[in-house]
Amino acid sequence: YNIKWDDTTLTLKDATIEVDRLHDGIEYSGTSAITIQLEGENTVTGFRGIVTSAAVTISGSGTLNVNGVGLHAIYAGGNIEISDATVNATSTKSDGINTYGGDIIINSGEVTVECKDDGLNASGNVSINGGTVSVDSGGYGVYAGVNHSLTIRGGTVTIKAGTQLI
């Protein structure tokens, strides 16, 4: 298999998902948190690369190249948490990684964001606990919601921003 779903975990194993400019690469509209488990080299391209109405954890030993050709590369209605995986998020039109209603938490792995607008955009907090994070954005490098914060506890962080670093 290249793509496997078991009601809580989507496993991508050397998978390529490319859809036209009008549809999202991966869309989850449920209310329960999900996990995207990565094995091998994976590519997802769509209007929004990945969109979920709930929290999402991206983990595993693999790589995810996710491209949003119309909006965000990754968008969630809850927390976005990344552990161990390599995530390359690209958006030529909007934010790289965006959550409305949650936090962005990077625990480990390699996260690279290249985008036209905000690199990491959260309505809540942004926490980088480890790993290597690189952001090259046309807008804010990191945007943490009103009365929220960016916390860096470990790792290596490089941010290049067009309008404002944080």
Side-chain angles (χ1 to χ4, degrees), residues 1-19 23-69 71-91 94-115 118-122 124-137 141-142 150-159:
Y1 69 90
N2 293 97
I3 302 169
K4 179 181 170 186
W5 172 247
D6 73 1
D7 292 327
T8 60
T9 301
L10 176 66
T11 302
L12 301 177
K13 182 178 179 182
D14 296 315
T16 298
I17 300 170
E18 293 182 9
V19 297
H23 296 92
D24 299 321
I26 294 173
E27 181 177 1
Y28 172 74
S29 58
T31 57
S32 299
I34 64 167
T35 297
I36 298 175
Q37 183 71 30
L38 304 173
E39 298 177 22
E41 186 83 17
N42 302 281
T43 300
V44 178
T45 301
F47 183 76
R48 292 175 292 188
I50 296 173
V51 59
T52 173
S53 56
V56 61
T57 297
I58 301 171
S59 61
S61 60
T63 297
L64 175 63
N65 301 304
V66 59
N67 307 295
V69 297
L71 276 176
H72 318 303
I74 301 172
Y75 174 85
N79 291 347
I80 296 172
E81 186 167 355
I82 299 172
S83 297
D84 299 326
T86 298
V87 176
N88 301 307
T90 304
S91 174
S94 191
D95 298 341
I97 300 175
N98 181 301
T99 176
Y100 184 78
D103 299 335
I104 296 174
I105 304 154
I106 300 171
N107 292 313
S108 56
E110 272 187 55
V111 178
T112 302
V113 178
E114 293 182 17
C115 61
D118 300 339
L120 303 175
N121 183 325
N125 298 306
V126 176
S127 299
I128 300 171
N129 301 315
T132 301
V133 179
S134 176
V135 175
D136 186 350
S137 67
V142 175
L150 165 65
T151 303
I152 300 173
R153 291 186 180 92
T156 301
V157 180
T158 305
I159 302 171

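Judged purely by distance below 3.5 Å, without hydrogens or angles, the side chains of S59 and Q37 pair a donor atom with an acceptor atom. Side-chain contact, H72 with S91: no donor N or O sits under 3.5 Å from an acceptor N or O.
Here the side chain of N79 pairs a donor or acceptor atom with the backbone of D103 at under 3.5 angstrom. Formation of a donor-acceptor pair under 3.5 Å by the S53 side chain with backbone atoms of T31 is not found in this model. The backbone N or O of N88 sits nowhere less than 3.5 Å from a side-chain atom of N65 that would complete a donor-acceptor pair. Between the N2 side chain and the D14 main chain, a donor and an acceptor come within less than 3.5 Å of each other.
Pairing each heavy atom of A89 with each of G96, the nearest pair is CB-O, 4.3 Å. Residues C115 and S94 come closest through the heavy atom pair CB-O, 3.3 Å. The shortest non-hydrogen separation linking S32 to A54 is O-CB, 3.4 Å.
Every residue meeting the side-chain hydrogen bond (donor to acceptor under 3.5 Å, both in side chains) condition with N67, not counting sequence neighbours, appears here in chain and number order: T45. Judged as a side-chain hydrogen bond (donor to acceptor under 3.5 Å, both in side chains), and not counting sequence neighbours, the contacts of D84 are S108. Residues passing the side-chain hydrogen bond (donor to acceptor under 3.5 Å, both in side chains) test with N121 are D95, D118, sequence neighbours excluded. Take E110 and apply the side-chain hydrogen bond (donor to acceptor under 3.5 Å, both in side chains) test, not counting sequence neighbours, and it matches no residue. Legend: residues meeting ring pair (Phe, Tyr, Trp, His ring centres under 6.0 Å) with F47, ordered by chain and number and at least two apart, are absent.
Residues N42 and T16 fail the side-chain proximity criterion, which asks for heavy atoms closer than 4.5 Å. Proximity of I97 to V111: side-chain heavy atoms (C-beta onward) are separated by under 4.5 Å at one or more points.
Of the inter-residue distances, the one linking T99 atom OG1 with I104 atom CD1 reads 6.5 Å to the nearest 0.5 angstrom. Here OG of S134 is found 9.0 Å from CD1 of I159. Values are rounded to the nearest 0.5 Å.
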* Before giving the answer on side chain to side chain contact (heavy atoms under 4.5 Å, CB included), spell out for I50 and V56 the whole-Å C-alpha distance, their side-chain angles and the decisive distance to 0.1 Å. => CA-CA 10 Å; I50 296 173; V56 61; 5.6 Å; no
* Evaluate the side chain to side chain contact (heavy atoms under 4.5 Å, CB included) criterion for residues L71 and N98: first the C-alpha distance (whole Å), next the side-chain angles of each, then the deciding distance (0.1 Å), finally the verdict. => CA-CA 10 Å; L71 276 176; N98 181 301; over 6 Å; no
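Each of V126, L120, I152 was evaluated against I106; a single residue qualifies, L120, per the side chain to side chain contact (heavy atoms under 4.5 Å, CB included) test. Shown are N107, T57, T35; of these, the side-chain hydrogen bond (donor to acceptor under 3.5 Å, both in side chains) with S83 is made only by N107. Among V19, I74, L12, the one residue that satisfies the side chain to side chain contact (heavy atoms under 4.5 Å, CB included) test with I26 is L12.
A salt bridge (charged side-chain N to carboxylate O under 4.0 Å, His left out) check over residues 34-54, counting only residues at least two apart or in different chains, returns the pairs D24-R48.
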